[in-house]
Amino acid sequence: MRPSMPRMTNGNGLFDLTGKTALITGSSRGIGRAIAEGMASVGAAVVISSRHQEACDRVAAAIRAAGGKAIGVACNVGSAKQRHELIERTHAAFGSVNILVNNVGANPVLGPLSELNNDAFDTVIKNNVKSALWLSNLVLPEMAARKEGAVIFLSSIAALRASAGINAYGAAKAALMQLARGLAAEWGPSNIRVNCIAPGLIKTDFARALWDDPERARRRIAATPLGRLGEPEDVAGVAVLLASKAGSYITGQTIVVDGGVTIAD
């Protein structure tokens, strides 16, 4: 069962997002949903987006029931037409996009790089890199006009080390880190911050094969200094930091959220 969501509050602290609109892709479940709920809990109006309208509506309704502001907009971010419609519907509902979280990701290819074909690699890059860049480019000009904005890419620790069978995915996630650096440099003079989050193993449906097996989970926990697997809310807290005043001097960075796996022996 999903942990209960915090009640919405309006504060004036470093993490307050009252009056901001956050668009989060891939937010009908897992890490994306936790980020949406986290941002709504500190005052942001949130746009829930994934491929299926019913799933988006369900999450948006839960946020509204907890006292927040939310709408659901189905979107395949690989489609230029649907990306434009997503932004248009966000503007119609809330007037602007202050925060964009590019959370959509996919790993349709398993196996060694030596067996990777052109079409499969194109799919990995389109799903994880191109769609995030093109969507960001739709909102960056309006952020620049206001001299304020935050863009967040969801990368992975697969981008930091070789991982058997998913190195094409890792390459795509590494590209997001460089996009964050490049966009941060280009748009920093307009007071726009662009950052990455690189989660480790988080207990989501996307990564279920890696944690649902007791022996695999035991080995990962043993290799993790904090001694547990990650939860979606562990990533949500970092996203709120990067979107809020608390993160106002952080840009072009990748923050690793992995319980210490990548620094352990």
Side-chain angles (χ1 to χ4, degrees), residues 2 5-12 15-105 131-154 187 190-194 232 235-236 239-240 242-245 247:
R2 186 175 184 82
M5 185 179 143
R7 299 295 295 183
M8 307 305 169
T9 59
N10 290 321
N12 296 307
F15 297 92
D16 183 33
L17 294 177
T18 301
K20 307 297 185 184
T21 298
L23 168 55
I24 305 106
T25 66
S27 51
S28 63
R29 61 179 183 169
I31 290 172
R33 176 172 181 169
I35 290 172
E37 291 175 343
M39 290 188 177
S41 75
V42 291
V46 297
V47 178
I48 307 300
S49 185
S50 70
R51 287 177 179 251
H52 304 292
Q53 187 64 50
E54 183 179 355
C56 295
D57 289 342
R58 186 163 54 247
V59 176
I63 289 173
R64 291 195 299 271
K69 296 180 181 179
I71 62 168
V73 181
C75 177
N76 173 3
V77 292
S79 162
K81 181 175 182 291
Q82 291 189 39
R83 288 193 300 268
H84 281 274
E85 290 173 348
L86 173 61
I87 300 303
E88 288 169 359
R89 291 188 59 184
T90 300
H91 287 162
F94 298 126
S96 63
V97 180
N98 306 100
I99 301 155
L100 172 64
V101 182
N102 289 293
N103 174 63
V104 166
S131 62
L133 176 59
W134 303 152
L135 186 60
S136 298
N137 283 345
L138 289 179
V139 301
L140 285 163
E142 68 171 273
M143 292 178 174
R146 294 190 303 271
K147 295 291 184 181
E148 176 270 337
V151 176
I152 301 168
F153 295 102
L154 266 292
W187 293 92
S190 295
N191 195 35
I192 297 170
R193 294 170 290 109
V194 186
V235 183
V240 170
L242 293 174
S244 66
K245 185 178 180 181

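Remember, it's a predicted structure, so these values are computed and weren't measured experimentally. Residues take their numbers from the sequence shown, with the count starting at 1.
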Report task. Work out which heavy atom in Phe94 is nearest to a heavy atom in Val46; give both atom names and the distance. Result -> CE1-O, 3.8 Å

Query raised in the report: Any side-chain heavy atom of Leu86 sitting closer than 4.5 Å to one from Leu138?
Result: no

Requested in this report: Report the residue from Leu23, Ile152, Val151 that forms a side chain to side chain contact (heavy atoms under 4.5 Å, CB included) with Asn102.
Outcome: Val151

Query raised in the report: Do the non-hydrogen side-chain atoms of Met143 and Ser190 ever get within less than 4.5 Å of each other?
Result: no

Query raised in the report: Under the 3.5 angstrom rule, does the side chain of Ser79 hit a backbone N or O of Asn76 as a donor-acceptor pair?
Result: no

**Report entry** Arg33 (side chain) donor-acceptor with Ser27 (main chain) under 3.5 angstrom
**Finding:** no

Report task. Check for a donor-acceptor pair, side chain of Arg64 on one end and backbone N or O of Lys69 on the other, with a separation under 3.5 Å. Result -> no

Query raised in the report: NE2 of His91: more than 12 outside heavy atoms within 6.0 angstrom?
Result: yes

Report task. Measure from the side-chain N and O atoms of Ser49 to the backbone N and O of Val73, and report whether any donor-acceptor pair falls under 3.5 Å. Result -> yes

Query - Separation between OG of Ser244 and NZ of Lys20, rounded to the nearest 0.5 Å - result: 10.5 Å

Report task. Could you give me the CA-CA distance, side-chain angles and deciding distance for Ile24 and Leu100, then say whether side chain to side chain contact (heavy atoms under 4.5 Å, CB included) is met? Result -> CA-CA 6 Å; Ile24 305 106; Leu100 172 64; over 6 Å; no

Query raised in the report: What's the shortest heavy-atom distance between Pro141 and Trp187, and which atoms?
Result: N-CH2, 4.1 Å

Requested in this report: Kindly indicate whether the side chain of Met39, heavy atoms from C-beta on, has any atom under 4.5 Å from the side chain of Ile99.
Outcome: yes

Query raised in the report: Given Asn98 and Glu148, is the side chain to side chain contact (heavy atoms under 4.5 Å, CB included) satisfied, shown in steps?
Result: CA-CA 7 Å; Asn98 306 100; Glu148 176 270 337; 3.3 Å; yes

Requested in this report: Using atom types as modelled and distance alone, determine if a side-chain donor or acceptor of Arg83 lies under 3.5 Å from a backbone N or O of Ser131.
Outcome: no

**Report entry** Closest non-hydrogen atom pair between Ala150 and Ala243, with its separation
**Finding:** CB-CA, 4.1 Å

Query - Backbone N/O of Val77 and side chain of Gln82: donor-acceptor pair under 3.5 Å - result: no

Report summary line: Nearest heavy-atom approach of Ser136 to Ala132 is OG-O, 2.8 Å

Requested in this report: Measure from the side-chain N and O atoms of Glu142 to the backbone N and O of Val97, and report whether any donor-acceptor pair falls under 3.5 Å.
Outcome: yes

Report summary line: Of Val47, Ile48, Leu135, Val101, the one forming a side chain to side chain contact (heavy atoms under 4.5 Å, CB included) with Thr25 is Leu135

Requested in this report: Would you give the length of the straight line joining atom CZ of Arg89 to atom NE2 of His84, rounded to the nearest 0.5 angstrom?
Outcome: 16.0 Å

Query - Closest approach of Ala60 to Gly72 (non-hydrogen atoms, all atoms of both residues) - result: CB-N, 3.8 Å

Requested in this report: Take Arg146 and Ser96 through the test side chain to side chain contact (heavy atoms under 4.5 Å, CB included) and record every step on the way to the result.
Outcome: CA-CA 10 Å; Arg146 294 190 303 271; Ser96 63; 3.5 Å; yes

